[in-house]
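What follows is a short report on a single structure.
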Amino acid sequence: MPTVARRALSPIRLRVRPGGVLPILALLAVLLVLVGLRQPDFLDPPSLMSFLGRSAPVILLAAGQYFVIVSGEFDLSVGSLVTAQVVVAARLIDSDPARTWPVVLLLLVFGALVGLVNGLVTTRLRVPSFITTLGMFLILVGAVYLWSDGAPKGGLSEEFRRFGRRASEDVPLLGRVPYALLVLVVVAALAVLLMRSDFGRTLVAVGDNPRTAQLSGVRVWRTRTVAFVLSGLAAAVAAILLGGYSGVSFQAGAGLEFGAITAVVLGGVALGGGRGSVVGAMLGALTLELLFALMNFYGVSGALRSTVQGAIILLAVAVSATRSSSR
Amino acid sequence: TDEPGGGPAGGSTSAAGSGTGEQSKFFVQADYDAELALLDATPTGPADKPWEQMLNPTMVDTSKFRKAGPHKLCFSNAALNNPWRQVGFKTMQAEVAAQGSRISEFVHVDAEGKDQKQIADINDLLGKGCDALIVSPNTTATLTPAVEAACKAGLPVVVFDRGVSTKCPVTFVNPIGGYGFGHVGAEFVSQRMKPGGKVLALRILPGVDVLETRWSAAKVAFDKAKVDVVGVEFTDGDPAKTKKIVDDYLQRYGTIDGVWMDAGAVAVAAVEAFQDAGKPVPPINGEDQLDFLKVWKDKGLTAIAPTYPTYQWRTPVIAALRILDGQQVANPWKLPQPTITQDNLDRYLDPGMPPLHYAMCGCTDLPGYPQRWK
Amino acid sequence: MPDPPVPLLTLRGIGKSFLGVRVLDGVDLDVAPGEVHAVVGENGAGKSTLMKIVSGGHAPDAGTVEVAGARQAFRGPRDAQRAGIGIIHQEFNLLPERTVAENVHLGHEPVRRGLVDRRAMRERTRELLASIGETELAADTRVGRLGVAQQQVVEIAKALALDARLLIMDEPTAALADHEVELLYGLVRRLQQRGIGLLYVSHRLTEVFDLSDRITVLKDGRRVTTVATADTCTDDLVRHMVGRELSSYYPDRAGPDEPGPVRLTVRGAGNRKLRAVDLDLRAGEVLGVGGLQGSGRSALARALFGVSPFTTGDVTLDGRPVRLRSPRTAMRAGIAYVTEDRKGEGIVPRQSVLDNALLAGRAVFPARSGHAARARRVRDLLAAVEVRAAGDDQEIRFLSGGNQQKVVLARWLALDPRVLLFDEPTRGIDVGAKSAIHDLVRRLARDGAAVLMISSDLPELLGMSDRIVVMRDGRIAGELPAGATEEDVVALAVGHTPQSRTEIDR
Amino acid sequence: MSALSLLPARRPVPGVFVALALTLAVGWLVVLVDGGQLFNQATTVSLLHVAAGLGLVAVGQTLVILGGSLDLSVAYVISLSTLVAAETMNGSDGALLPAVGLALAVSAGVGLLNGLLVTRFRVNAFIATLGVGLLLKGYLDSNYDGPAGATSPALVQSLGYQRVGPVPLSFLLLLALTGATWFALSRTRFGHHLVAVGGDPEVARLSGVRNDRVLVTAHVLCSLCAGLAGIYLASRLGSGAPRVGTEGLYDLESIAAVVIGGTALAGGRGGVVGTVGGVLLLASIDAIFNQLEVDAFFKQVIRGVVIIAAVAVYARRALRKGAW
Ligand SMILES: Nc1ncnc2c1ncn2[C@@H]1O[C@H](COP(=O)(O)OP(=O)(O)OP(=O)(O)O)[C@@H](O)[C@H]1O
Ligand SMILES: Nc1ncnc2c1ncn2[C@@H]1O[C@H](COP(=O)(O)OP(=O)(O)OP(=O)(O)O)[C@@H](O)[C@H]1O
Ligand SMILES: [Mg+2]
Ligand SMILES: [Mg+2]
């Protein structure tokens, strides 16, 4: 009698499944070829490194959003959280290098705290996360404007900005490696490890069928809350990098939540939870960033940009969706 | 490509508003000429109070609005969603405070950038017994009916910043305008770079009238100077996006010889992008925000800062009170629109103020300075 | 069995593959008007897939479907309905947020002057429910509030509402208690008299023999044989299905010395659904729990597992008082619970077989002997319960219902529980696997676990239990020793003397 | 338990109306203490106008959300519709009907595209409608530099500014649309099928519902509602406005209104009456803060808190009721 122990599937077959990373890899490859044709030196290590570095914040946000989405929820507050973090950092640091590290620590705590509140309100008060995080979005934006009287104050120290703006020079083979990229690599590795751990598998199970998870001893509320906390932490790290990269502004995080959700879905993760990989989500974000660069290189300029962006996203998702669906 | 500017793909693929191709439909030659003429006009009024100055004024009679004070002033505000409006509104509040005894109540409603909310707001204010109504419209055309309704209600209406397409308000207060702004910046940038050099135009958003006029005037200047506008990109006012765009353009063209912006919000980010790429910062224009002025001075940039002064937020209050006194006021009330150049940079750069403060606030004499603006 | 000229349904050479795995291969089958044609086979043999093909839910890769001589290519269930084919699915196809009437008429709501005729819907629902002996159920109850058995009744009414000429029943009795099965019998016979053809899938061979005219046996997606019911016997059928002899259906009960000390005691416990429950559960015994639908059997299991905990009374485990506040606390105390609603509460559908089996261990117990060792252990268990899947990384939703159940069992066995609560553990499980599960349950008891087994399958309840408690209205109505009869159980369950059975039979 | 479960399911008053009543009562009191009057004519009219605009969109949004989908393109559809209407009318009353028809037809076309992407091409609704929104944004951004066209005076005077007592015509239109939608949901096959598809698409399919058709219809109706909202806004603004939809945050706010109104974001549960409650709640919060002249940022904070709190109260109630 055939049993499960019979054979393991080949890794190739694993990835073609719905929720796998193959479609997004294919799209990424196509875009890379297109960029390479137009701007061959983009693929040289230095410029590639700097591209990856500047994309790091968005990729981190996508990873954070992934945890929340795969557990069956939404986090619409990350964009405003990034803005709030950057503004808070500027005001607290007030250009004083000595305050850099305490403030970095504070930002991480702040991010985790916002995630915790999102998580607890969603799981314990049973407010749909769409509403919870939309409310949090309003609260954060309002509060940070209120606190800073409508215009960011103070300034970020050079030390703080280093994470997002500077690079480790003279690395063999690669040349400059942006610190942001190093941070990204570390966080991405942690995220992958986490998703392979018991917690990660449980998280996906919660998104798939919370009742079963509950009846199998999972503390569903805790698991989901942790996902929100992870998202908040990711937003904090992203804010540190983004603030470093571009400085203080109220626009720092604007629209990032939609970017992150789009990236996650593009990466094959199902909204509603239970399917998809964190690698896919991060690749989705990278693909989106590459798409923007591609448009810069091809001179898709001005107002037409959003049309091209919309068309490519639709096409990509439609092709991968119709190809992976079996009836 | 067959466009006058000869820009590569950048211009050819996009429609109105980009490249230096066809002029946008927002371009009105007569207004352009008038504004450029105003740049050189000498204002009337106290020289140390530009917010009370007028350019080529035509005075109108307001005696029918005369009323005994103190007055209740009502203000329908388009939005408070950017530092410019923040600084402006604080300046206005300070002006109200300065006029203390003459104003019994100052009602402020914020439309949060929504046309339809502002229409409702104005309607709402009409029921509140205001003595005068100040409106900063969110959009020119769409707010016109609401403003007309307010005029019909019989109270004096003062419009500032953006206009409305009706003559019914007692006066319309604003500085010279977008053509002047765009022209000053573009002329500076194109004159300081090599002929035929590459200019990158960084814009905030499409479809905002003030910003559109700035760009259309710049376009005229660039076309005249025969420089190559390699790209017209929208940044959404997001510094990160700005840096990415500049980065990619640098990679694509090797060098960029000039940067023009329709607003100063992301000027510092653009400068940083050049620094981070290890390239010299080309001639660039910003606005009178202090962060830009600071970088300008610290790094010795070749730069200029045309302004859209925030002191114009003081004038509507002054105008409203004059109207209620029955004094004549200018209509339109054109305010001077100074430019910050290398020569007068130090006068405006106040390191004690926050980075996003606008130097041209004309607020140093107002109660609560500088604390109110910090 | 007379052979009518034009069969109602003719299947020729039906084949179907999922993701490259062949599930059906050249299946032929026909159904005559007024015939009850039973389809039997092991879990995963392809029965439900075949039924879905006939009812338009899946498109076949090969072969033809003819209805009353006309060839059909269904593009969807709607086409099949148009052709007069109705189906009672194995898994519930009901919307919990909608009312009974809305569910029953979903897809073909009666309209009057362009508008849905709600009154007609209610009326018709009432009639349909009455025709299967369900008079208590209101047509505008939200289905989500119903217990599993009542949902099954709704599911049947829903299929009947179509006025089909061919009705497919895919394990219609899996969730039904005994007396309801009787009602279903009556229904089937009435339909048969009206000339309606029936395809009847069931693992309960008694039903198959009671009801069917012919029987088709499927094995590994192929048709093994089709025989007239009168010409075969249980043993033959089982041999065809399993490919080997199954000697005895139930393993030996516990010997007199096997039940050990009392492991779990419940005294005066109650909650919203249960009152004054007293119970002793010994190590080494299988305690059966009988009762009608809604009598509180599941509620008892859910209370013991901390899902809807007892609010009053005391529970002790191995002599120590415990408070079972949540599934976690119950699991920590060594209790495991196999739920009756597999789809809704048993599986995480889009995760792999392995992840499903590992779920509970991962959630509550950190891997003591390492992750690899735990996974190996679970793989062994999956093999031991004979799960059929393309691999242990296959998504569990693609497994047949019976195989899903085995994965769920493996999940709990991996925790080495001291007390096992089984709620309808063999529902929808084939004879072979059923006897494997029975053996397993018995072995667990032998190894010292205390087993509480809820079952609506009376022969199973009687055959497996060392003792039986029967529930009624949230209380324990009485206790019966091993060797009790079906009549004894029913009498306690309905609170009448045995004669009243006939009354229910009607 | 059996006795309990056999009770017919009653459809309770959506919790949002409790929150609405509470908000209005507290708001009225606070405004009174502040020396104002919440329910004066001008304020009421403004409140109802705000509600009408958002309401028209939210009713359509309710349909797609009930069906388990979502529409993030509504904001752009609204803008597009104002432009199509105003440019076609170009200030003349004669072109009124063709303009309205054209605006609705264009909107329906966008809805059709959304629907086909979601069903035929199996693109997740979030992405599909976001993408279509981007397409429209590109069109609007590259073709319009600001308001364009002129709404016919007749429309401005009727739909835009006409009112019956304190109730604007547009609000009556919203009530009528709500009534019609409620009727469609509870009394037509389409409505039953839509809720089924939202509840469980597989169950619906196996029951003979043509899921694709139902969802496409819902998307078309949703876009039509957005188109209608656009026409209404054109009548308020006097011209077409390419940014009015996005500035009004109609995408997120309409979804918020739907969810506050008790419709499950996952689909299959809820209704249009609750949505109108949600819209009124949001508009009332706005009106109250307007009256109190609360600082816009502080207001935003409070708004966030109130939205969460309102839904939390509602969720709590539902939890207590739904507990078995
Ligand atoms: N999936 C579920 N989620 C929550 N509660 C449930 C679920 N399934 C059943 N229940 C509840 O648990 C109880 C099920 O047990 P019940 O009291 O109906 O007795 P039962 O004898 O087990 O009936 P049945 O034969 O229908 O399972 C019901 O009250 C029901 O409401
Ligand atoms: N949608 C699907 N995708 C992939 N595989 C499937 C799908 N549906 C069924 N299968 C596989 O097809 C085989 C037959 O399943 P089916 O449900 O028809 O069995 P069954 O005979 O009804 O079993 P049971 O008695 O357990 O209900 C199983 O191995 C199952 O894993
Ligand atoms: Mg089956
Ligand atoms: Mg039960």
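Here is the naming used below: chain letters follow the sequence lines, and residue numbers restart at 1 for every chain.
Nearest heavy-atom pair, B:Asp236 versus A:Gln251, reported as atom, atom and distance to 0.1 Å: O-OE1, 3.7 Å. The two atoms that bring B:Gly237 and A:Ser249 nearest to each other are O-OG, 4.5 Å, heavy atoms only. Minimum heavy-atom separation, A:Val58 to B:Lys244: CG2-NZ, 4.2 Å. Taking all atoms of both residues into account, the shortest heavy-atom contact from B:Gln275 to A:Arg165 is OE1-NH2, 3.2 Å.
Highest contact tally toward chain A, considering only B:Asp276, B:Asp238, B:Val268, is held by B:Asp276 [criterion: heavy-atom pairs under 4.5 Å]. Taking A:Gly155, A:Ala254, A:Ser47 one by one and counting their heavy-atom pairs under 4.5 Å with chain B, the maximum is reached by A:Ser47. Chosen from B:Ala240, B:Pro354, B:Ala273, B:Ala265, the residue pairing most often with chain A at heavy-atom distances under 4.5 Å is B:Ala240.
In this structure, the portion of A:Ser50 lying under 4.5 Å from any heavy atom of chain B is its side chain and not its backbone. Looking at B:Asp291, neither its backbone nor its side chain comes within 4.5 Å of chain A, counting heavy atoms on both sides. Of the two parts of A:Arg91, neither the backbone nor the side chain holds a non-hydrogen atom closer than 4.5 Å to a non-hydrogen atom of chain B. Proximity to chain A (any heavy atom under 4.5 Å) is restricted, for B:Lys90, to the side chain, taken from C-beta onward. Only the side chain of A:Tyr145 comes within contact range of chain B, with heavy atoms under 4.5 Å apart.
The shortest distance between side-chain heavy atoms of A:Asn296 and B:Gln251 does not fall below 4.5 Å.
Atom CZ in A:Phe297 sits 10.5 Å away from atom OH in B:Tyr249 (nearest 0.5 Å).
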Taking it one step at a time, do A:Arg54 and B:Asp248 satisfy salt bridge (Lys or Arg N to Asp or Glu O under 4.0 Å)? CA-CA 12 Å; A:Arg54 77 185 201 194; B:Asp248 287 344; 2.9 Å; yes
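For the pair B:Lys243 and A:Tyr245, the cation-pi test (distance below 6.0 Å, angle within 45°) is passed.
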